[in-house]
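To start, the structure under review is shown below, and the notes come after it.
All values reported here derive from a predicted model rather than from experimental measurement.
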Amino acid sequence: MIRSKKEELRGTLAALIDLRKDFETRITSIADPQLREYEGISLNNKRLIHLEAAEYLATQIPDHVSSAEYGVLGNEHRVDSNFTQAAHYYQKAIDASRTVVTKIFSMRALASLYFSPGSCRDFGKGRKYFSEAAEVVKNPDDPYLVYTVGNTYELWGLYELWNGFQVEGNQMIERARKYYLDLPDYNIYKKQALELLEKKVKQIVQPNLILQPTPLK
């Protein structure tokens, strides 16, 4: 019974992800405004049905829902501006984490929520979770973990800058830069991470720039 519900949950969440991608590609490319609105409403109704089903399944097997699965539920509610429910699922994602990487990703998602506009905005909580995410692994020596911690400081710094906290933002950006520089020269992430970091810092001064949480990867 648990296995069948688990498989059903995975299938429902996969459908949600596909629907989100469909909306971002197919719907936005429709030129006719009326047709675009009609198709968008239809697709969103389908998405809400899948979201309800996924949440129901998650309550049936709470001890068998993965961190990534809770994260998808959090992301869907965040898109709907249901920030309290998004925070609820991000916290569940943290609690369900079985690896240091999934724990870091889940903490970053919750931290970025607290830095974003909405009813849950709380810079103190945002800094708390970014700080905890950065300290999940102390003194990492594995290149991917070094990159992951650096990316955590990068995201933290960008959110600080975006919200007008220049001193705090620059401090975090400098920490991110240090972690990226510590990567071996042969590492595929090093050059790309450093180049993208500088590009994002420059872009942050543009008006109305909206940052999105780093996706799980």
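Side chain of K190 to backbone of L181: a donor-acceptor contact under 3.5 angstrom is found. In this structure, the side chain of K5 does not engage the main chain of Q60 through any donor-acceptor pair within 3.5 Å. Judged by distance alone, with hydrogens and angles left aside, the side-chain atoms of S42 form no donor-acceptor pair with the main-chain N or O of Y38 at under 3.5 Å. N163 places a side-chain N or O within donor-acceptor distance of the main-chain N or O of Y159, the cut-off being under 3.5 Å. A side-chain donor-acceptor contact under 3.5 Å links Y180 to the backbone of N151. A distance-only check finds a donor-acceptor pair linking the side chain of S4 to the backbone of M1 [under 3.5 Å].
Side-chain contact between R20 and V79 is present, with heavy atoms from C-beta onward closer than 4.5 Å. Counting only heavy atoms from C-beta outward, the side chains of F23 and L19 never approach each other to under 4.5 Å.
Q91 and Y129 form a side-chain donor-acceptor contact under 3.5 Å, judged by distance and modelled atom types alone. Using modelled atom types, one finds a donor on one side chain and an acceptor on the other under 3.5 Å when comparing R47 with N44. A donor-acceptor contact closer than 3.5 angstrom is absent between the side chains of E76 and Y89. No hydrogens or angles considered: nothing links the side chains of E174 and N170 as a donor-acceptor pair under 3.5 Å.
Scanning all heavy atoms of the two residues, the minimum distance from E135 to K138 falls at O-CG, 3.8 Å. L183 and P143 get closest at one heavy-atom pair: CD2-O, 3.2 Å. Residues A193 and Y147 approach most closely at CB-CE1, 4.0 Å, considering heavy atoms.
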So K128 and Y114, side-chain contact (heavy atoms from CB on, under 4.5 Å) or not? Walk me through it.
CA-CA 10 Å; K128 172 182 178 292; Y114 285 129; over 6 Å; no
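Rounded to the nearest 0.5 angstrom, I94 CD1 and Y70 OH are separated by 13.0 Å. Atoms NE2 and CG, from H50 and D18 in turn, are 9.0 Å apart once rounded to the nearest 0.5 Å.
Checked against the 6.0 Å centroid criterion, the rings of F165 and F123 qualify as a close aromatic pair.
Ring orientation note: the planes of F130 and F115 are tilted relative to one another, at an angle of 30° to 60°.
Electrostatic pairing of E132 and K103 does not count as a salt bridge here, judged by no charged N lying under 4.0 Å from a carboxylate O.
With respect to K199, the side-chain contact (heavy atoms from CB on, under 4.5 Å) criterion is satisfied by exactly one of Q203, E195, K202: Q203.
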